[in-house]
Number of protein chains: 2
Amino acid sequence: MESIETPGYRPLYKQVYDVIVRRISQGEWRPGQSLPSETALARDLSVSQGTVRKVLDALTAEKLLERRQGKGTYIAENTQERALFRFFRLSRPGGERLIPDRAWEKVRLRPSRALERLKLDLGRTDKVIEIRRVRAILGRPCIRETIIVPAALAPGLESLAPLPNTLYSLYQSRYGINITQAHEELRAGLADDDDAAEIDVLPGQPLLLIDRVAVSLEDRKVEWRQSRCQSADIVYAVNLT
Amino acid sequence: MESIETPGYRPLYKQVYDVIVRRISQGEWRPGQSLPSETALARDLSVSQGTVRKVLDALTAEKLLERRQGKGTYIAENTQERALFRFFRLSRPGGERLIPDRAWEKVRLRPSRALERLKLDLGRTDKVIEIRRVRAILGRPCIRETIIVPAALAPGLESLAPLPNTLYSLYQSRYGINITQAHEELRAGLADDDDAAEIDVLPGQPLLLIDRVAVSLEDRKVEWRQSRCQSADIVYAVNLT
DNA sequence: GAGTGGTCTAGACCACGCA
DNA sequence: GCGTGGTCTAGACCACTCT
């Protein structure tokens, strides 16, 4: 069963969970592909089908897998739509979801700053890729973003312009990085002259400020993103459950 | 098995799920109490223990139940701490959670307004209870709230002052209403003179505006809450998963 | 030791997708 | 018709709590 020892005793299903997550994160199974069937996995790992099922169900709940009855179990793909739906929370008041477009972007590779190293757990000499961009909604520039990515995680990202609308699908397809969670902090702020020059807002008007750190399946901090959003007819929607 | 028919065919575990949710929402089992054991429930409902387990695990994931190995399965209580942790997302930048206190409050019973009827699915003649209050953090008034509750759901609420810090524990303990989810929309706004008079902010400073509708286990809209939060050193924290 | 939930197994049958 | 995941069952043993 591929080096599953018993360090102080972990339940079997947790050991199976770790094996499967490791295989996915090491690229043994790739996004969009199907896993072996439950019975094949159970035989391979020398556990019962029920134990495999418990793990696959858990990973499905975490949105890392997708199960299709009659077909198989697949590695979830961070498609554009899916990533937008999952990690982009802006909508019209009342609920209608909004889809942002790129207005413009500037990408460069540069040394990291102290705050960036703190946010992303980087070392003193690590470089970062800085993405500055403005996003538009229905043709109207509404969001200014500064995105910081450790250069070591995404080599060559700075020369891939134009970047796709959702970076997370790029991280997954090109760099094998699965973004599984993000931590956000929201504040209110005031638009300054730079904001007014780039997005559809006047100086002194209120902006919604979003500070996000995105984390990968392997628990690495992959991206620090600061967004400044026009807040006149756009809201940030959350469901607390 | 208590009137479980097969309307077009629902899986057994869904039928069991419905029965258990109904018993909880009808008060047959009350918060803090323990449910019968898995084996007793299985016998009672004429299903296998595994099917009962699947349902209890699901309800535990939804935070409606709590399971304690060796002791039993309990109806989750919306204690102050728990409700704050689950539904109050304001914290210091960086993550330290904040605990609000009541500064003052005014409660009254009055006819509903059109927007309130829309938000809470009320009829033309339904009355509401309006709670206006200011909450303080570390002694500093930071949040202005207006809370609207259908009078029919919480009779006598207007004469219960002073209200507890977390209304949700009161809804549960006094009215048998379990708040299981809430939908929030966040915007940025500017402080006006009324804000400046009541909370620690100057006119024209940015405020975080939160619009929340809380929903019960039975899918009734129980509360519409509008909050205006000082946003200088308070952030709204979200984990996207 | 008795009773509870937690883990694990083995096997049956159903529902779905596809060739 | 075959292979897949989805549901359901029955039973064994473990880990924890309380008396």
Side-chain angles (χ1 to χ4, degrees), chain A residues 1-2 4-21 23-24 29 31-77, chain B residues 1-2 4-21 23-24 29 31-77:
Chain A
M1 171 166 191
E2 189 180 300
I4 286 191
E5 311 303 314
T6 65
Y9 235 54
R10 306 196 70 205
L12 244 192
Y13 73 89
K14 287 186 183 167
Q15 303 175 42
V16 171
Y17 181 100
D18 289 343
V19 171
I20 292 180
V21 166
R23 290 188 183 178
I24 295 173
W29 298 314
Q33 289 185 352
S34 71
L35 264 60
S37 71
E38 292 179 353
T39 49
L41 277 172
R43 200 174 351 137
D44 177 24
L45 302 173
S46 309
V47 299
S48 77
Q49 188 188 358
T51 300
V52 170
R53 169 178 293 277
K54 178 165 182 167
V55 172
L56 297 185
D57 283 345
L59 289 168
T60 302
E62 295 173 32
K63 301 185 202 293
L64 196 64
L65 298 178
E66 292 170 13
R67 318 197 69 183
R68 300 178 203 147
Q69 183 174 160
K71 298 195 65 176
T73 303
Y74 296 78
I75 313 281
E77 276 188 289
Chain B
M1 170 165 194
E2 187 182 300
I4 286 192
E5 311 302 314
T6 65
Y9 237 53
R10 306 197 70 206
L12 244 192
Y13 73 90
K14 287 186 182 166
Q15 302 174 43
V16 171
Y17 180 101
D18 290 343
V19 171
I20 292 180
V21 165
R23 289 189 183 177
I24 294 173
W29 298 314
Q33 288 184 352
S34 71
L35 263 63
S37 71
E38 293 179 352
T39 49
L41 277 172
R43 200 171 350 123
D44 177 25
L45 302 173
S46 309
V47 299
S48 77
Q49 188 188 357
T51 301
V52 170
R53 169 178 292 277
K54 178 165 181 166
V55 172
L56 297 185
D57 283 345
L59 288 168
T60 301
E62 295 174 32
K63 301 185 203 291
L64 197 63
L65 298 179
E66 293 170 12
R67 317 196 73 183
R68 300 178 204 148
Q69 182 172 163
K71 299 193 67 176
T73 303
Y74 296 78
I75 314 281
E77 277 188 289

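A note on names: the letters A, B, ... follow the listed sequences, proteins ahead of strands, and every chain is numbered from 1.
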Under 4.0 angstrom between A:S37 side-chain N/O and D:dT4 OP1 or OP2 = yes

Nucleotide C:dA10, atom P - distance to NZ of A:K54 in whole Å | 16 Å

Pair A:K71 + A:E66: basic N to acidic O under 4.0 Å = no

Across the strands shown, which category fits A:R53 at heavy-atom distances under 4.0 angstrom: base, sugar-phosphate, nothing?
-> base

Below 4.0 Å: OP1/OP2 of D:dG5 and any side-chain N or O of A:T73 | yes

When the distance from CD of A:E66 to P of D:dT4 is rounded to whole Å, what number comes out?
-> 19 Å

Take B:T73 and B:L59, measure what side chain to side chain contact (heavy atoms under 4.5 Å, CB included) needs, and give me the verdict at the end.
-> CA-CA 10 Å; B:T73 303; B:L59 288 168; over 6 Å; no

Quickly work out the A:K14 NZ to D:dA15 C1' distance and round it to whole Å.
-> 13 Å

To the nearest angstrom, the CZ-P distance between B:R67 and D:dA15 comes to 18 Å

Take the protein atom OH of A:Y13 and the nucleotide atom P of D:dA15, then report the distance between them rounded to whole Å.
-> 14 Å

Taking OP1 and OP2 of D:dC18, is either one under 4.0 Å from a side-chain nitrogen or oxygen of B:K71?
-> yes

Which atom names give the shortest non-hydrogen contact between A:G32 and A:E77, and what distance separates them?
-> N-CG, 3.5 Å

To the nearest angstrom, how far is A:E38 atom CD from C:dT9 atom P?
-> 14 Å

Starting at CG of B:L12 and ending at P of C:dA15, how long is that distance when rounded to a whole Å?
-> 13 Å

Would one find a side-chain N or O of B:T51 under 4.0 angstrom from OP1 or OP2 of D:dT9?
-> yes

Atom pair distance, as rounded to whole Å: CD in A:Q69 and P in C:dG17 = 7 Å

Between A:G50 and A:R68, whichever has its closest DNA chain C nucleotide further toward 5' is A:G50

Is any side-chain heavy atom of A:I75 closer than 4.5 Å to a side-chain heavy atom of A:L65?
-> yes

Working for side chain to side chain contact (heavy atoms under 4.5 Å, CB included), residues A:W29 and A:I20 = CA-CA 9 Å; A:W29 298 314; A:I20 292 180; 4.0 Å; yes

